[in-house]
Amino acid sequence: MPPTTHTKQEEDAFMTDLFAGLNDSFFDSCPEPSPVRPSHSASTTRAAKPTTQATPSKPKIAKPMLRVAKTPSKALSKKANAPCKEEDVDMAFLADGLASWDDMEGDLMTPKKEKKAVTRMLPSTSSDSVRETCTRCIVDQIEEKALTVIAVETKDRRTVILEDDWYRTDIRLGDVINTIGPFSPASTSSLLTIHITNNSNLLIHHPDILLTATAISNAPKCRRKPLLTNLVRSIFSSTPTIDDKGVERKGDGSSPALVWGNMLHEVMQSCLKEGKWEDDWIDKCIMEKVGSVNGLGELVRIGVGVEEAVREVKERAKGLKGFGERYVGDVPKEVGVLVNTRSKGVENSMLAIRKLEDVEEDILSPSYGLRGKLDASVQAVIQDRNVVSTTKKSGPANKNSNVKLGASSNRTPTLAPPTTQTHTLAPFEIKTGRSIAGLEHRAQTMLYTLLMEERYGEKVESGLLYYTQSEEVVRVPRARNEVRALIGVRNEMAGFLGRGRGKGKGQLGEDKGKGKEEMGEEEKRFLPETIDDEWVCGKCYVVDTCMLYRKAVENVFDDSSPIANIYALKTGHLTPSQGEFFKKWEELISIEEQDAVRFKKELWTMGAKEREDRGRCFGDMVLDEGFVEREEEKETRRESKIHQFTYRFVRRRGGEEGSLLNGHMSCGDAINVSVEPDLLALARGFIVELTPTEVVVGVDHEIRLEMIRKRVGLWDEGDDIFGGGRGKGGGELVFRIDKDEMFAGMGRIRDNLAHLFYAQGDTRRLHLVVDLAPPRFFDIDPSPSPSSDCETSAAIAKFSKGLNGDQLGAMNKVLAAQDYACILGMPGTGKTTVIAAIIKVLVELGKSVLLTSYTHSAVDTILGKLAGKEEDGDVGFGILRLGNVDKVHPDVRRFTLEARKPATTIQQLEHQIMTPPIVATTCLSIDHTSARKGGLDVSLFRRLSEAHPEAVVDLTHQYRMNADIMLLSNKLIYGDRLRCGSEEVRRRALVLPERRVVEDSHAQTACGKDDCWLNQLMSESCKAVFVDTDLVPARDSRIGDLVQNEIEANLVYQVTEALLKGGVSQDQIGIISLYRQQIKLIGNLLKERKEVEILTADKSQGRDKDCVVISMVRSNDDGQIGDLVRDWRRMNVSFTRAKSKLIIFGSRSTLQATPLLSQFFQLMDGQGWILRLPANAHEMHAPVLRKTSMKRSVEELDKVVVLKENVVGSGRPMKKMKKGKAEEGLLKGRPILKDLVNDGR
Ligand code: SF4
Ligand SMILES: [Zn+2]
């Protein structure tokens, strides 16, 4: 059905849906479309609702609710967005309260001190631009329809009057709103005032929630559906065209029609890009798309061959050549008809597409709270002319109907000569389906005009829709009424998203005092109600998810609504405990998600400098135009959808700004590139290389400087003098590169979770994981011969050489498992070895194996063990390593799809994908304190092994730690299950070959004692020790949110130097800290000692060192231990990296205050393993070991050279530490595995 055949009734129905719940005043006040409200919408007329509706429909929009935020004045005094010069930035203010993520749990909107604010980000009052005036405000007072707000930028109080339909917007105290339109002085009030009415201005509620244009345009039918789609994102919907284009997908999203549609999109985009429309070229594009690895992948999924695919796409691409002929060029041609379905009079226009600006532009608009991905952004020329007369009479009844000038037209209009010619920017949307959803397309396109206008800073008054099947181009003029209605829908949806879930986090500046428990059901609701339309719901593609939420999360029991049957069909199988399980985990995922949401909005609410201070941005960057990418690099990203272009950015001021290595961004991290304030996330991608002054990124969009200059008003065409404007830095374009917080999102995780609970879901896994059904094992005799089956025995014999008893036991357990078996591989027990052996046996037996872990390094270590070195020849069986090539270890990159010869046929691709018996990839992990507390850190391993200890087999013999170090981890983590693999391991000690040198050096120091702290630490008998710095002035300090402890760093440095002087080699020593800034400090002190590894707790995984020195950093009067609370167990695991000596530096008084750590101190005390440093410990051995001035900056420290050698003195071994019976430790009263951490992270 072509778009132009929408009836008047259909259009009205659409508008009625759009305006559902809005005040009737709308219909009184708007001249068009017709105010006639049909009694039924187009969809509902097909299946009238039974009258026995269980839940009578309620008004969709509630009256404004007056609720008093507990800390309104605080929440309202946010100063963050006011413009100010860089030198105004008050570092202390910025750093204050940001010491750790834990501190950031609080409301970011609440400043700790009344201080100056930082760089303005939101586009606002700028006279040089067509961008609408946007004012970010926080609601301070609500009185009937008048809101008193605080303008965030200027900090003054203003009045917002909500009139007409806006009156019903559900605004609450503390909410963030944007007003679009100018404020002006009012006669009735001393405050600047804006009236938001049906005819002027707009209100954006919760503008930081960016809803996609697609979601909004799909909302008229059902508001709930787009929100669910957003929440639970199917894996297959990640294909951009499906994801954002609102194309309805069937089940897993892979319908042939969609695949053809997506390919056609890409083909047409290629034509637009190249400006080529000949048959040969189009055929070539089709072959390329179909034959690309991605294309073939799609075909494998839908089970269609290449030939058929080519035929299908060609069939659909038939009109492209004609499109090129009719519409592409500098001036409109007679045949380039542009249809306007809403034109008032009878008029007709012609179109020429003059220039392509971009394809797949992903535009974020924090002004409108919108985002969208445009198929194409074009420069168009439109020629309008009026039709003088037609052969049919026109009257009121068909005044809105279309004039169609295609071949099939039955009208014969007489055209007047061309009148006006307009050059304009326009979003260009390609629609490949039969356009039954044409009206939704219009809504979407209209929203795109807003987005484009904001990004380009030029007027965009209408959008273009191209229907490939009817070969028509439709003009969609932006209409105030529709935009207003769409924004109303947006606000309603954002209202749902902004409450309920946002609660307790202060995320949106709302009432954060109220806990979830205290909220009423209505307040907790974060999804609109079901529409209860049997026909619509019956064919809805998210019906499974919808019903699952209805039952498990919303606790609705439905046996009488029109969709009761559907409800029963979809949820009848779920038990109450299964529902509870889903609800709990769904909530935990949302908590986890909130961090990402909060960080994400920093892109527009926080200036680059401020965000850089928090470690999540590189500000002040300029493009290095001389950069040329290496050829090999190009090769590896051949098929990458994201990594299309590679750029190098450098610091504008040559690095004065500080090292890029500071902060939380590193190689492989997802990023986006922006120019403040309007061009947000111009390009997205990954960090490919990072040095202190340069960053190389791989991104999805081309960064064209001239174009950007033009858009930010920095440079007009033909001008070589840089004009004033934004993004300017001495004539240069200044970029910011931000960590992209929502790159992956949690949609897939939710989707995976939900799949367990669907009616056609994974019931076996549901029983095993949720119901904890006992796992089944084949009955095999575990020893001496594990199996009576010869083949199995032979395979075991072949690959089990060198395994110990534990390891063989583990292998047998796995082979006997029908469902699962858990191997508890404690550190140093040879997990990697046994996993590799088991995989080999399984493959030998013809099984397929999925190898996964939270970290790339863990996966790649095992692959490395399996495969051996590349030079040593092939592995003998196939491995497919999935994942971002940039993150895969170079040694195993040859197993990625990218490293193979690109498949050219489905058979080849299938061979590459389906034949390798081993598929290896990472899985996701969770990292949020609240979510952890709620139980999100309960690994599957822990859940299963606690429920079914019979499924667990231990590897208990470790070959790494000596008895003391093992004791520590046995008590703290492993419940006394670890054993030393041999006597030699048990007695292991670090002997300093040149101990005398250290002792002798004392003569020249202030120390002069034999049993000084340093000598005690050097002693062979000192194998595990906590070095208490309480008496030393070793206090933590902050740089932004980064924490460090300079004196402790120096103590660590001294110990390390002493060890090295004593003859320990550099590679025997590892230094670990949770704090990156501390690592940088220590790294700088030890920069001459390149082989000493200085690592974060995470990075230390998989390593072992004879001596490990740990710096706990935290030392303060408030008992602030920040990250440690979260990472204590990870820290424990890093203790197990030490083979012979473990030295832990920290402040006992600070750390002990936390119950979690007090148990650690009990243990250390009991063993007599605490060494209290004297007050001058850090100075005692000066000048021999101490670097000079503590207060100097890291840069200065670089220049200081230390160390005098050959100092004479004497020493005596450290006095024997008191041994006591160890406490039961942290695991007292807990299940053995409770604290098992994912060793291998
Ligand atoms: S099943 Fe019905 S109520 Fe649920 S999302 Fe789909 S259309 Fe909306
Ligand atoms: Zn000494």
Side-chain angles (χ1 to χ4, degrees), residues 768 774-847 849-853 858 861-862 865-866 918 939-961 966 969-970 973-986 1102 1133 1136 1227 1231-1240:
L768 287 170
R776 299 158 305 166
F777 289 89
F778 290 116
D779 200 12
I780 55 168
D781 175 15
S783 65
S785 155
S787 166
S788 50
D789 173 349
C790 304
E791 199 194 345
T792 311
S793 310
I796 293 175
K798 185 168 168 192
F799 294 110
S800 64
K801 286 185 198 75
L803 298 188
N804 68 20
D806 290 349
Q807 293 168 329
L808 265 179
M811 181 180 275
N812 287 328
K813 190 82 184 175
V814 171
L815 294 173
Q818 286 176 273
D819 300 307
Y820 62 82
C822 304
I823 303 175
L824 174 54
M826 288 174 281
T829 53
K831 263 189 315 283
T832 311
T833 311
V834 79
I835 292 172
I838 289 171
I839 292 175
K840 285 177 184 166
V841 173
L842 288 171
V843 171
E844 179 89 357
L845 296 173
K847 312 271 191 227
V849 180
L850 171 67
L851 170 66
T852 188
S853 173
T861 306
I862 294 170
K865 191 108 182 173
L866 271 176
I918 302 170
S939 62
L940 184 60
F941 188 98
R942 190 167 130 189
R943 180 173 172 85
L944 298 179
S945 55
E946 281 181 4
H948 298 289
E950 76 277 10
V952 183
V953 53
D954 287 358
L955 301 179
T956 56
H957 288 87
Q958 62 89 18
Y959 301 87
R960 182 189 297 155
M961 297 167 271
M966 184 183 76
S969 48
N970 249 344
I973 324 176
Y974 299 106
D976 267 334
R977 292 155 73 114
L978 271 175
R979 300 279 169 273
C980 286
S982 70
E983 185 60 16
E984 185 235 314
V985 171
R986 207 180 66 75
V1133 174
T1136 63
L1227 284 171
I1232 282 159
L1233 298 167
K1234 196 149 193 164
D1235 273 342
L1236 176 79
V1237 196
N1238 306 301
D1239 190 19

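All values below come from the heavy atoms of this structure, side chains included, with hydrogens, waters and symmetry mates left out.
Annotation: side chain of L824 is in contact with side chain of F941 (closest heavy-atom distance under 4.5 Å). Residues P775 and E950 are in side-chain contact: their nearest non-hydrogen atoms beyond the backbone lie under 4.5 Å apart. Contact annotation: the side chain of L845 approaches that of T792 to within less than 4.5 Å [non-hydrogen atoms, C-beta and beyond]. With contacts defined as side-chain heavy-atom distances shorter than 4.5 Å, the pair C980/Q958 qualifies.
Listed here is the closest heavy atom pair of K813 and A821: CG-CB, 3.9 Å. Closest heavy-atom contact between Y820 and F777: O-CZ, 3.3 Å. Counting all heavy atoms, side chain and backbone alike, T1136 lies closest to Y974 at CG2-CE1, 4.2 Å. Of all heavy-atom pairs between L768 and P774, the closest is CD2-O, 4.4 Å. The minimum heavy-atom distance between M961 and S969, with the atom names listed, is SD-OG, 3.6 Å. Nearest approach of T833 to K865, heavy atoms of both residues: OG1-NZ, 3.4 Å.
Rounding to the nearest 0.5 Å places CD1 of I838 at 7.0 Å from CG of L815. Taken to the nearest 0.5 Å, the CE atom of M826 stands 4.5 Å off from the CG atom of L978. Here the CG atom belonging to L851 is positioned 4.5 Å from the CD1 atom belonging to I839, to the nearest 0.5 angstrom. T956 OG1 to R977 CZ: the interatomic distance, rounded to the nearest 0.5 Å, is 8.5 Å. We find the NZ-CD1 distance between K831 and I862 to be 9.0 Å, quoted to the nearest 0.5 Å. Taking CZ of R943 as the reference point, atom NE2 of H948 lies at 9.0 Å (rounded to 0.5 Å).
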V841 vs V814, side chain to side chain contact (heavy atoms under 4.5 Å, CB included): CA-CA, chis, key distance, verdict
CA-CA 10 Å; V841 173; V814 171; over 6 Å; no
Could you walk me through whether M966 and V985 pass side chain to side chain contact (heavy atoms under 4.5 Å, CB included), step by step?
CA-CA 10 Å; M966 184 183 76; V985 171; over 6 Å; no
Evaluate Y959 against N804 for side chain to side chain contact (heavy atoms under 4.5 Å, CB included), listing each step before the verdict.
CA-CA 12 Å; Y959 301 87; N804 68 20; 2.9 Å; yes
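Of the possible donor and acceptor atoms, none in the side chain of E844 sits under 3.5 Å from a partner among the backbone N and O of I796. In this structure, the side chain of D819 engages the main chain of R776 through a donor-acceptor pair within 3.5 Å.
Annotation: side chain to side chain contact (heavy atoms under 4.5 Å, CB included) contacts of A810 (sequence neighbours excluded): I823, V834, V953, L955.
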